[in-house]
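Worksheet: one structure, shown below.
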Amino acid sequence: RTTTVSVIKADIGSLAGHHRVHPDTILAASRVLAEAKRKGVIKSFYVTNAGDDLQLIMTHFKGVDNPEVHELAWTAFREATKVAKDLGLYAAGQDLLSDAFSGNIRGLGPGVAEMEFVERPSEPIVVFMADKTEPGAFNLPLYKIFADPFNTAGLVIDPRLHDGFIFEVLDVFEGKAVELRAPEEIYDLLALIGTPSRYVVKRVYRKSDREIAAVVSSERLSLIAGRYVGKDDPVMIVRAQSGFPAVGEVLEPFAFPHLVAGWMRGSHHGPLMPVGLKDSKVSRFDGPPRVIALGFQVKNGELIGPADLFDDPAFDEARRQAQMIADYIRRHGPFMPHRLGPEEMEYTTLPEVLKRLKDRFKPVEMGYKPKVKHEAGEAADVD
Ligand code: F6R
Ligand code: MG
Ligand code: MG
């Protein structure tokens with residue numbers, strides 16, 4: 001029998017702007033899931049928040065993309081939204097882009113990461129949940145966990161990891177995916193996933209037996225809605241130990257608060273700060289972007305836990321570094337590379353500004369004719 005872990009999240013409104021989820025909405029969602037557990041739709045669940053995102057962590061025996069489980073998550077978000085509206089929470093219902101559920105929650109706004117596996121005798125998993133950033137934010141940590149022996153000692157010294165892993169990389173603009181093998185193809189892999197706004201590591205498999213090792217939510221809300229409706233704050237599930245990287249190897253990349261896209265108005269680069277549940281909220285400049293990590297054991301479909309893995313002095317230094325980086329990069333104000341490039345801006349008045357100034361742009365004799373066609377305010381397109 002296989003067990004499925006489904007992590008489904010949505011921002012359905014929050015307290016004090018985009019600061020954090022209100023406990024009453026967590027309660028509303030929990031009630032819906034408790035009832036479904038009683039009816040046997042799911043086996044167990046844990047509801048929490050990553051900043052302003054409501055997180056449903058569920059286990060069941062129905063496989064990935066199961067309509068009943070997806071509808072359950074949709075109902076939980078709808079019920080939580082009702083509470084959010086009653087309380088006048090900010091941006092109530094923000095991520096629910098449709099009024100009607102049609103069998104699968106993907107494409108309707110919420111983020112989804114699901115994996116199905118035959119449980120090992122002891123099955124440790126880590127669920128990562130980030131706020132004020134995008135799915136590609138997990139590219140760098142995933143590379144380190146599954147392909148970098150300077151991070152994961154097991155790649156070198158554990159025979160069960162030594163063959164390496166397969167990365168499934170999604171092109172979110174084209175809706176296509178490619179599988180690349182580590183270590184053989186790491187240069188090609190890095191050439192793609194170094195552009196996290198476009199190429200997102202969607203899944204990782206162990207090469208020797210194609211066992212699923214990790215899965216990331218890859219929804220990009222603006223690509224679904226065609227406009228800015230909130231950042232695509234991502235979630236990720238990683239299996240750990242005995243043949244997978246150890247929990248400590250899975251957490252290790254987060255000791256480096258790398259720069260991610262998101263933060264204020266989904267339009268700025270900032271450090272990803274690992275925090276415990278008590279700090280799962282945002283403040284400064286609506287950030288800085290944060291990530292929580294909850295560890296569970298999965299036993300007979302039951303979630304045992306959680307362990308609040310970043311709630312630990314071992315990550316104090318990463319948090320301190322993140323503060324320093326935040327101070328430093330904030331001083332750039334509206335300048336790149338703090339502000340994202342024009343093609344990645346979520347909120348932008350730039351097209352309007354350019355339209356207004358159009359007739360005031362006068363030709364200038366530069367002594368050469370630019371060969372690269374380039375529309376101001378858009379990505380340079382070489383053709
Ligand atoms: C980023 C985010 C916030 C808002 C910002 C402005 O993902 O949610 O930084 O973009 O607080 O919000 P509005 O436009 O609703 O005033
Ligand atoms: Mg919000
Ligand atoms: Mg959020």
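As the structure is a prediction and not an experimental result, all values here were calculated from the model. Both counts, for ligands and for their atoms, begin at 1 and track the order of listing.
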Hey, which atoms in ligand 1 end up nearer than 4.0 Å to a heavy atom of [X]?
| X | value |
| --- | --- |
| Met264 | 9 (O) |
| Gly266 | 1 (C) |
| Tyr90 | 13 (P), 15 (O), 16 (O) |

Short N/O distance, under 3.5 Å, between Asp52 and ligand 1?
->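 By distance alone, the answer is no.
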Ignoring angles and geometry beyond distance, decide whether Asp286 reaches within less than 3.5 Å of ligand 1 through its nitrogen or oxygen atoms.
->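 N/O-N/O distance under 3.5 Å: yes.
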What is the number of protein N/O/S atoms located under 2.8 Å from the Mg ion (ligand 2)?
->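 Atoms of protein N, O or S type lying less than 2.8 Å from the Mg ion (ligand 2) total 3.
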Location of contacts on Trp263 toward ligand 1, heavy atoms closer than 4.0 Å |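 Within the 4.0 Å criterion, Trp263 contacts ligand 1 through backbone atoms alone.
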Give the contacting part of His18 toward ligand 1: side chain, backbone, both or neither, where contact means a heavy-atom distance below 4.0 Å.
->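 His18 to ligand 1: side-chain contact only, backbone stays beyond 4.0 Å.
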Qualifying residues under ring-ring contact (aromatic ring centres under 6.0 Å, His included), relative to His268, sequence neighbours excluded =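 In terms of ring-ring contact (aromatic ring centres under 6.0 Å, His included), with neighbours along the sequence ignored, His268 is linked to Phe285, His338.
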Side-chain donor-acceptor pair present, His18, Asp52, cut-off under 3.5 Å |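 Looking only at side-chain atoms, Asp52 and His18 do form a donor-acceptor pair, the distance falling under 3.5 Å.
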Heavy-atom closest pair, residues Arg319 and Val275 =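 That closest heavy-atom pairing would be NH1-CA, 3.9 Å.
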Asp131 OD1 and Asp233 OD2 subtending at the Mg ion (ligand 3) (10° steps) =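 Centred on the Mg ion (ligand 3), the OD2/OD1 angle is 90° (to 10°).
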Could you give the distance from CZ (Phe45) to CD (Glu302), rounded to the nearest 0.5 Å?
->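 The CZ atom of Phe45 sits 10.5 Å away from the CD atom of Glu302.
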Roughly how far, to the nearest 0.5 Å, is the CZ atom of Phe254 from the CD1 atom of Ile292?
->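 Result: 11.5 Å between the selected atoms.
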Of Lys176, Lys202, Arg198, which meets salt bridge (charged side-chain N to carboxylate O under 4.0 Å, His left out) against Asp171?
->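 Of Lys176, Lys202, Arg198, salt bridge (charged side-chain N to carboxylate O under 4.0 Å, His left out) with Asp171 is met by Arg198 alone.
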Show your working on side-chain hydrogen bond (donor to acceptor under 3.5 Å, both in side chains) between Glu252 and Asn151 and close with a plain yes or no.
-> CA-CA 7 Å; Glu252 179 66 10; Asn151 180 90; over 6 Å; no
